[in-house]
Structures are given as C-alpha cells and as structure tokens.
Amino acid sequence: MPELPEVETVRRSLQPAIQGRVLTQISILEPRLRFPVRAEQFEPYFGRRLKKIRRHGKYLVMLFQDSESAIVIHLGMTGRILIAQPRETKWVHFKFLFETTEVAYIDPRRFGFIIPGKLEALKKNILPGGMDALSPKMNGEYLFVNLAHRKTSIKDALMNQAVLAGLGNIYASEILSDAHIHPASQCFNLDLDAYKSIVQSMTKILKIAIRNKGTSMSDFYYGYGQQGKYQNLFRVYDRQGLPCPDCNTLIEKMIQSNRSTYYCPLCQKIP
DNA sequence: CGCACCCCCTGCCGGC
DNA sequence: TGCCGGCAGGGGGTGC
C-alpha cells in the first residue's frame, strides 16, 4: 500500500487534525509490530505540543515543540492511521490522544513500526539515506551519479531507499512506463537523458497520485476513512493484458526480484 | 558492492 | 463448501 503518495496523503490528513495540540495519552492495544511497542517509551512525550509532521520517503516524523525528541512511524505494507473513530478495531495496535482527538494505528500484517527517539539519532539510524523523490534538489544528475555505475535493473534501483526514498513496487512501474524505459534496463546502460526523463516522469506521476490521494487497491484508507483514487489512473500496474495508454499494445507482467513488474513491450525498449 | 534468496505476518483469491 | 498454494503496496538479513 503505502508508497510516497499514500504516506503524503496520510500526513496531509493528520497534520491539520493534531498540529498544535498536546499529546495527552497513548494506549498500546497490540504491541507486536516489526519492533515491539512499549508504553513507557512514550511517557517523555506526554504534555508535548505537536509542532509538525514531516515525511521522508515512506517515513513519517512527528516533531514536538521545545523538544529534540521525535516519533517515527512507518506503515509497512498494511499500516493505516485513522482519525477519530476507525470503523474497524480488529488490528488497532496503538492510539494517540491529542487533547480530544484520537488517532489510531492499524496494521494487520504488522510490518509497520513506531520508534520514538532523538531526531538526530533517528535520522542517523532509522530514516533512509536516499534523497526524497519529491525533494526540490532532485534531478537527473543526482540519479545519474548515484545509479549509472550499477549493474542492477533500473526498476530495482528506483526502489532502493538508500538512493531514492519514496518509491515502491507500484510507482516504480508507473514511472518507467511514463518515461518509456524498460524496467529491466541495466542502470549502466542508461544515459543522463534517460535519468532526466525518469525524474520528469517521477515528479509528474507522484504529484498526480498525491492529488488523487494515493492508491487504494484493497485496504488503504486515510484520515477519517477516505480512500485514494489513483488505482483508476494506473498506466500499467495490475493491467496485464489491457492496452497501453500510449500505443494500445497489451501490457505485460514480469517478475523482478520476486516482485511483479508491469510494462508495455512496445513503448519500453531495453537500450 | 550486487544479487538471489529467505524471513517477518495476515488476508484474500482462484483452482481443485 | 473447504482446503491449499500463491500472491500482496514494506524492509531487512544472509551468504556467495
């Protein structure tokens, strides 16, 4: 579920609801996540006012006023953050209370996590090292310098969070389709123009996806329980056998690193 | 460093 | 109808 557009959608739904409010309580209902949650870790945060929620790649960072401490949240595959009264309660792991506003974290597969700590330590140890895909500093030169020496496929490389933070399996396919680059192209065979074109498509696709509140294939919800609409705009993802939006050739599916990749065999040629 | 593989966990879907 | 295998948006670890 949650790649950059979904995480940004969650951030935008959450921030206006709790910004400037004081964290008054945390209840742990199901501590088992990727890293177990312990209630006492959060005691230092009680009485702190939420300054801002930032996003880096697929990670959310809660910042508090007058504090060097922060809270990092990652949604894994099936994590959801809902405000007020979530209609489902089966997989609620923890709840924040910001004054009168309740925020619940739900995660059936438990691949997500929440980690409190000093911001500098979290940056060093938890947050991914790659540049955020929508950073103002992102450009074709950055990707070229960081990828063009590699032998690996461009699709796998775009999902490497240590280089580029934010893309996952859906948007990597979507972006390469828009850029007319074959997902199995080896990084070292792509020239600077190709990387520039990837960045152009990446910016375009991610912004459209954010405008559409991300992708809700089966279980992505945000805010008060709304769903995203980008799945209706998929160019290739989950569309094997359906026509390419640019040339009507039938979309194909292949497996790369054990994960599905979708592409147009006519538009996307290996250089 | 790259890469092929495995793991974590639950839910859902299609085939038999 | 029920069982079973395969697959799903995530990251991380290992051994070569």
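Numbers restart at 1 for each chain; the letters A, B, ... are given by sequence-line order, proteins then strands. Owing to the predicted nature of the structure, the values given are computational and were not obtained by experimental measurement.
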Take A:Asn232 and A:Tyr230 through the side chain to side chain donor-acceptor pair (under 3.5 Å) test and state the conclusion after the steps. CA-CA 5 Å; A:Asn232 301 322; A:Tyr230 187 75; over 6 Å; no
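- Within the 4.0 angstrom heavy-atom criterion, only backbone atoms of the sugar-phosphate kind lie near A:Tyr237; the bases stay farther away.
- Looking at residues 137-153 of chain A, you'll see A:Arg150, A:Lys151, A:Thr152 sit with a heavy atom under 4.0 Å from some atom of DNA chain B.
- By the ring pair (Phe, Tyr, Trp, His ring centres under 6.0 Å) test, A:His74 is found to be paired with A:Tyr59, A:Phe113, residues two or more places apart in sequence or in another chain being considered.
- Annotation: side-chain hydrogen bond (donor to acceptor under 3.5 Å, both in side chains) contacts of A:Asn212 (sequence neighbours excluded): none.
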Once pairs are restricted to Watson-Crick or G-U wobble with both distances under 3.5 Å, how does DNA chain B read as a dot-bracket string, [ ] for crossings and | for other-strand pairs? .|||||||.|||||||
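- Annotation: salt bridge (charged side-chain N to carboxylate O under 4.0 Å, His left out) contacts involving residues 134-160 of chain A, sequence neighbours excluded, comprise A:Glu141-A:Lys196.
- Neither OP1 nor OP2 of B:dC5 sits under 4.0 Å from any side-chain N or O of A:Ser257.
- What separates CD1 of A:Ile126 from P of C:dG10 is a distance of 19 Å, to the nearest Å.
- With sequence neighbours left out, the side-chain hydrogen bond (donor to acceptor under 3.5 Å, both in side chains) criterion links A:Glu120 to no other residue.
- Separating the CZ atom of A:Phe220 from the P atom of C:dA8 is a distance of 20 Å, rounded to the nearest angstrom.
- Checking side-chain atoms of A:Ser185 against main-chain N and O of A:His182 turns up a donor-acceptor pair under 3.5 Å.
- With values rounded to the nearest 0.5 angstrom, A:His93 atom NE2 is found 13.5 Å from A:Ser27 atom OG.
- Atoms NZ (A:Lys155) and P (B:dC3) sit 14 Å apart, rounded to a whole Å.
- Residues meeting the ring pair (Phe, Tyr, Trp, His ring centres under 6.0 Å) test with A:Phe42, sequence neighbours left out: none.
- One atom, CD1 of A:Ile255, and another, C1' of B:dC3, lie 17 Å apart when rounded to the nearest Å.
- Partners of A:Lys204 under the side-chain hydrogen bond (donor to acceptor under 3.5 Å, both in side chains) rule, at least two apart in sequence or in another chain, are A:Asp178.
- Taking atom C1' on both C:dG2 and B:dC9, the two are 23 Å apart, rounded to the nearest angstrom.
- What separates OH of A:Tyr171 from C1' of C:dA8 is a distance of 15 Å, to the nearest Å.
- When the P atom of B:dC1 is taken as reference, atom CG of A:Asp156 falls 16 Å away, rounded to whole Å.
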Pairwise N/O distances under 3.5 Å, protein to nucleotides 7-10 of chain B:
unit_1 : atom_1 : unit_2   : atom_2 : d
B:dC9  : O4'    : A:Arg109 : O      : 3.4
B:dC9  : O3'    : A:Arg110 : NH1    : 3.4
B:dC9  : O2     : A:Arg109 : NE     : 2.7
B:dC9  : N3     : A:Arg109 : NH2    : 3.4
B:dT10 : OP1    : A:Arg110 : NH1    : 3.1

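- With sequence neighbours left out, A:Phe188 forms a ring pair (Phe, Tyr, Trp, His ring centres under 6.0 Å) with no residue at all.
- Separating the CD1 atom of A:Ile73 from the C1' atom of C:dG11 is a distance of 17 Å, rounded to the nearest angstrom.
- By the ring pair (Phe, Tyr, Trp, His ring centres under 6.0 Å) test, A:Phe111 pairs with no residue at all, sequence neighbours left out.
- Note: CG (A:Leu33) to C1' (C:dG10) measures 13 Å, nearest angstrom.
- Comparing C:dG11, C:dG10, C:dA8 by their nearest atom to the side chain of A:Ser260 picks out C:dA8.
- The side-chain hydrogen bond (donor to acceptor under 3.5 Å, both in side chains) search around A:Tyr237 returns none, not counting sequence neighbours.
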